[in-house]
Amino acid sequence: MAVSARRCGDLLSLLRDKRPLVHNITNAVAMDISANVLLALGASPAMIMAPEEVEDFAAVADGLVANIGTLSVESVKAMRLAAAKMNALGKPWVLDPVGCGATPFRLAAARGLVDLKPTIIRGNPGEIAALGGALGGSRGVDTVMTAKAATKDAASLARLSGSVVAMTGETDYVAAGATMLTVAGGAAVMPYVTALGCSLSASVAAFAAVADSPLEAAVAALAMFGVVGAHAARQSDAPASFRTAFIDGLYRLEPDALAAEVEIGEVTGLA
């Protein structure tokens, strides 16, 4: 199943027309940049964390991201309640398993959320490998694996979970069933901007709220980050100024420009 460059641009237009409300149960580090990225993109962010209200908010939200970065027993409860409610309502939700291989508690929490059938799982290679059963790919919340080395883990996780798996790295990979696509772009400075990956997961949830399939939602979000990241790096290759240039670039990005610059490929022979 291919996703065209033109479709990525069309989805950006659709997102801005519909302005989906994205429910973020996310970590303390990511809240500011996730909210600003969603606003610049054209979506509407909400940070609703209390277990007592997440199910009620799911009724009005268009998408959910569950991010385990700053984990607690209460936040896990909130994520599980919200995810189950989104499933019951037929709405998309995204799991960001931040640093899930770092501790047994974190890994158990992430795997428990995978059992609730996320629409999309978005993580770095170490996180995806840990969810797929291979430990030792992370140092804290950072990956020590390349995306290329973890492609079989991503494909396996997609088959076993039934979720679309979006794995980010030097090249991004998106696995859905027997299909794996690649998305090029980005910039070397991006890992030095804290929680930029978390804001990508929030953006994936925004696209999932308007797309026809989780695969095209994940590809469009990754393509957008790749294109805008490359543009922003030409203006600044230092983290603080890059962050500003990146958010401004999202706000200014035209759908036709996104469609013109997207680089999507396909991986074969992973079975």
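In what follows, every heavy atom counts, from backbone to side chain, and hydrogens, waters and symmetry copies are set aside.
Salt bridge R6/D10: present, at least one basic N to carboxylate O contact under 4.0 Å. Salt-bridge annotation for D32 and R243: present, with a side-chain N of the basic residue lying under 4.0 Å from a carboxylate O of the acidic one. Look at E216 and R7 and you find a salt bridge, because one of the NZ, NE, NH1 or NH2 atoms lies within 4.0 Å of a carboxylate O, short of that distance. D62 has no carboxylate O lying under 4.0 Å from a charged side-chain N of R19, or vice versa, which leaves the two without a salt bridge.
No option in D96, T70, N67 other than N67 meets the side chain to side chain donor-acceptor pair (under 3.5 Å) test with N27.
Proximity of V54 to H23: side-chain heavy atoms (C-beta onward) are separated by under 4.5 Å at one or more points. By the 4.5 Å heavy-atom criterion applied to side chains, I121 and S161 are counted as neighbours. Within the 4.5 Å cutoff, no side-chain heavy atoms of L258 are placed close to those of L11. The closest side-chain heavy-atom distance from L181 to V267 is not below 4.5 Å. Between I120 and L95 the shortest side-chain heavy-atom distance does not fall below 4.5 Å. Side-chain contact between L131 and E127: absent, with no pair of heavy atoms (C-beta onward) separated by less than 4.5 Å.
Donor-acceptor pairing under 3.5 Å is lacking for the side chains of S241 and T244.
Residue pairs meeting the ring-ring contact (aromatic ring centres under 6.0 Å, His included) criterion with at least one partner in residues 193-230, sequence neighbours excluded, are F225-F246.
Of the possible polar contacts, one joining the S75 side chain to the S72 backbone as a donor-acceptor pair under 3.5 Å is found.
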